[in-house]
Amino acid sequence: ALAGLAMLPAALRRWELAAGALLVWLVAEDLVRKLAGNDIRVYFVKDLFFAVAVMALVRSGRIGAEFRTAVGRAGSVLAALIAWAVALSVPLAIEDWRIPLVGLRLDFAYIPLVVVGWRIASERESLVRWLVGLSVLGGLGSAVGIAQAAIGPSFLAPAGTVRGLPHLVLVRGLPQSGPVYRPTGTFVDPGRYASFVLVALAVSLAALLVTAGRRRLLVGVSAASAAAGVWLSGGRAGLLAGLGLVAAAALATPWALRRAR
């Protein structure tokens, strides 16, 4: 909390810092929550990070014009989709207004961050810099799960059983094979870790295609960490998706060169 307050003035002046802090928190949030005994208040801390990021975007100016440019022709479809979701939520709101609010928040709260993606991708150097940073973040998050798979469930785990988090220690296996421990990493569920390492692998492979020199080496280590995380996540669907990402990355450069001709 003290670190966040100290960073607040700088984050409000620089949207890059605010958006980066939000992404880092999303990786660390579950770790804080499970070590805090599943204190549900931790779940809403990211809303504070998000609010700061939006305020920083507004202060930087041109957010409305950039959003319209970023969404393009999809803007009207997006507006219709949100309106339809609001209309569908009315019957639930009559019973309990909080239920549709939670659903609408999960689906549409982060739409303003489209501007962040637009700004990042508008310049090649900015895109490369963010891809490298996010691949390193993904590699570090993946490494936590790798260490947990090697050391055991006790690594970065609560001292005892945490109510409401039944999958902190999940062991699966088939009758003809031995048990397989599925790590959670910094997260509260093996499925979340499996999803995270897939995203980390995709970002790292994208960064590999646009970097060179030392940065490429750093990104390569991050990609290897994410790939190991996919393997250790223990899911067949995740493994197939990871292989698909590697195949797509391998074909991306030849396909791009063929189009350029």
Side-chain angles (χ1 to χ4, degrees), residues 4 11 15 18-58 63-64 66-68 70-72 74-120 130 134 137-138 141-142 145 162-168 170 182 184-203 233 235 237-238 241:
W15 65 266
L22 173 63
L23 293 173
V24 172
W25 174 254
L26 290 178
V27 179
E29 177 189 66
D30 275 4
L31 177 61
V32 177
R33 182 155 66 96
K34 66 184 178 182
L35 293 180
N38 195 24
D39 190 336
I40 198 62
R41 291 173 296 182
V42 177
Y43 183 77
F44 296 98
V45 172
K46 61 176 168 286
D47 293 329
L48 300 178
F49 281 92
F50 172 65
V52 172
V54 171
M55 286 189 288
L57 287 172
V58 172
I63 181 174
E66 288 177 329
F67 183 83
R68 289 190 293 271
V71 298
S76 57
V77 178
L78 178 61
L81 182 64
I82 296 174
W84 180 244
V86 172
L88 290 178
S89 69
V90 172
L92 283 174
I94 296 174
E95 297 181 14
D96 189 340
W97 62 270
R98 294 170 296 182
I99 297 176
L101 188 63
V102 169
L104 291 171
R105 170 185 174 276
L106 289 173
D107 286 336
F108 303 112
Y110 296 101
I111 286 178
L113 296 184
V114 168
V115 176
V116 173
W118 174 257
R119 290 183 179 181
I120 289 173
W130 273 85
L134 291 177
L137 177 63
S142 302
V162 179
R163 184 180 180 182
L165 301 179
H167 300 311
L168 291 179
L170 185 63
R182 299 189 62 187
T184 58
T186 59
F187 301 93
V188 297
D189 186 274
R192 290 192 182 189
Y193 176 74
S195 299
F196 170 78
V197 292
L198 278 175
V199 173
L201 179 61
V203 172
S233 64

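We number each residue from 1, following the sequence as shown.
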What distance separates [X] [atom1] from [Y] [atom2], expressed to the nearest 0.5 Å?
{"X": "L57", "Y": "L113", "atom1": "CG", "atom2": "CG", "value": "7.0 Å"}
{"X": "T184", "Y": "L165", "atom1": "OG1", "atom2": "CG", "value": "9.5 Å"}
{"X": "L137", "Y": "L23", "atom1": "CG", "atom2": "CG", "value": "7.5 Å"}
{"X": "Y193", "Y": "L198", "atom1": "OH", "atom2": "CG", "value": "10.5 Å"}
{"X": "D39", "Y": "F44", "atom1": "CG", "atom2": "CZ", "value": "10.5 Å"}

Test log, rule side-chain contact (heavy atoms from CB on, under 4.5 Å), inputs R105 and L101: CA-CA 6 Å; R105 170 185 174 276; L101 188 63; 5.6 Å; no

Partners passing salt bridge (Lys or Arg N to Asp or Glu O under 4.0 Å) against R68 (at least two apart in sequence or in another chain):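 For R68 there are no salt bridge (Lys or Arg N to Asp or Glu O under 4.0 Å) partners, ignoring immediate neighbours.
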
Those residues that, when tested against D30, pass salt bridge (Lys or Arg N to Asp or Glu O under 4.0 Å) (two or more places apart):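 Expected list: R33, R192.
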
Between [X] and [Y], what is the shortest heavy-atom contact and its length?
{"X": "E66", "Y": "W118", "result": "CB-CD1, 4.1 Å"}
{"X": "W15", "Y": "A56", "result": "CA-CB, 3.7 Å"}
{"X": "I120", "Y": "W130", "result": "CD1-CD2, 3.5 Å"}
{"X": "R182", "Y": "A194", "result": "NH2-CB, 4.3 Å"}
{"X": "V188", "Y": "L168", "result": "O-CD2, 3.7 Å"}
{"X": "V162", "Y": "G37", "result": "CG1-C, 3.6 Å"}

Partners meeting ring pair (Phe, Tyr, Trp, His ring centres under 6.0 Å) with Y110 (sequence neighbours left out):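 Only F50 meet the ring pair (Phe, Tyr, Trp, His ring centres under 6.0 Å) criterion with Y110.
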
Residues that W25 engages under ring pair (Phe, Tyr, Trp, His ring centres under 6.0 Å), provided they are two or more places apart: F49

Tabulate below the donor-acceptor pairs under 3.5 Å that side-chain atoms of residues 89-100 make, not counting sequence neighbours, or state none.
residue: S89; atom: OG; partner: V86; partner atom: O; Å: 2.6
residue: D96; atom: OD1; partner: R98; partner atom: N; Å: 3.1
residue: D96; atom: OD1; partner: R98; partner atom: NE; Å: 3.1
residue: D96; atom: OD2; partner: R98; partner atom: NH2; Å: 3.0

pair I82-I111: side-chain heavy atoms closer than 4.5 Å: yes

Partners meeting side chain to side chain contact (heavy atoms under 4.5 Å, CB included) with V52 (sequence neighbours left out):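 For V52 the side chain to side chain contact (heavy atoms under 4.5 Å, CB included) partners, ignoring immediate neighbours, are L8, A11, L12, A18, M55.
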
Polar side-chain atom of K46 near backbone of L22 as donor-acceptor pair, under 3.5 Å: no

